[in-house]
Amino acid sequence: MKTAADKSLSPILRIDFPHDNRLGRGKMELLEHIRETGSISAAGRAMDMSYRRAWLLVSDMNAMFKEPVVSSQRGGQKGGGAAVTPFGEDLLARFRHMEQTLRVALAEDLTWLRANQSPDGNGKD
């Protein structure tokens, strides 16, 4: 069952780039998991997605920018691994900052929306 905090209104930031590229909270969460686990595969599992899907998202992010967001190494004696690059760390920090800026900028409007939301939250009596 959801708590009142789970039901609060929350803006979601997504940046649309040319050529149908997007940057949003899912890719940022994937970067955080890669940073924590050192693995694209483990990061994908943490988000309940296949390795292929996680790898494609990383590949998309790396292609979106002049510098790589994630560096990876194929398996060998010590096995493969992945790391968020310094540029990726900066990207993650800036995206999280943009999310906070969005929440602050919309706080008054979100308060108004909450105050005018129907009691059950779905617009039905």
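With a 4.5 Å cut-off on side-chain heavy atoms, L57 and M49 count as touching. At a threshold of 4.5 Å between non-hydrogen side-chain atoms, the residues F95 and L31 do not count as touching.
The closest donor-acceptor contact from the side chain of N21 to the backbone of F17 lies at 3.5 Å or more, if one exists at all. The closest donor-acceptor contact from the side chain of N62 to the backbone of P68 lies at 3.5 Å or more, if one exists at all. Distance alone, capped at 3.5 Å, places no donor-acceptor pair between the S59 side chain and the W55 backbone. The backbone N or O of R22 lies less than 3.5 Å from a partner atom in the side chain of K27, making a donor-acceptor pair.
When all heavy atoms of M47 and G26 are compared, the closest pair comes out as CE-O, 3.5 Å. Taking every heavy atom of both residues into account, P11 and L106 meet most closely at CB-CD1, 3.9 Å. In this structure, V84 and E89 approach most closely via the heavy-atom pair CG1-N, 3.4 Å. Between L30 and A54, the shortest heavy-atom distance links the atoms CD2-O, 3.7 Å. In terms of heavy-atom proximity, V70 sits nearest to A82 at CG1-CB, 4.0 Å. Residues S71 and T85 share a closest heavy-atom pair of N-CG2, 3.8 Å.
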Open item on the list: Walk me through whether I40 and H33 qualify under side-chain contact (heavy atoms from CB on, under 4.5 Å).
Closed with: CA-CA 8 Å; I40 294 172; H33 285 295; over 6 Å; no
Task: Derivation and outcome, side-chain contact (heavy atoms from CB on, under 4.5 Å), residues M64 and H19 - done: CA-CA 10 Å; M64 289 169 65; H19 310 293; over 6 Å; no
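Taking 4.0 Å as the cut-off between side-chain N and carboxylate O, R25 and E32 do not count as a salt-bridged pair.
Separating the CG atom in L13 from the CD atom in E99 is a distance of 6.0 Å, to the nearest 0.5 Å. Note that CG of L92 is 11.5 Å distant from CZ of F87, once rounded to the nearest 0.5 Å. The line from CD of Q117 to CG of L110 is 10.5 Å long, rounded to the nearest 0.5 Å. One distance of note links CG of L91 with CD of E67; it measures 11.0 Å at 0.5 Å rounding. Atom CG of residue L9 and atom CH2 of residue W112 lie 11.0 Å apart, to the nearest 0.5 angstrom.
The local environment of CZ in R96 is crowded, with over 12 non-hydrogen atoms from other residues, nucleotides or ligands closer than 6.0 Å. In this structure, D16 places its CG atom where more than 12 heavy-atom neighbours from other residues, nucleotides or ligands lie under 6.0 Å away. For CZ of R53, the number of neighbouring non-hydrogen atoms (other residues, nucleotides, ligands) closer than 6.0 Å is 12 at most.
With no hydrogens or angles considered, a side-chain donor-acceptor pair links Q100 and R103 at under 3.5 Å.
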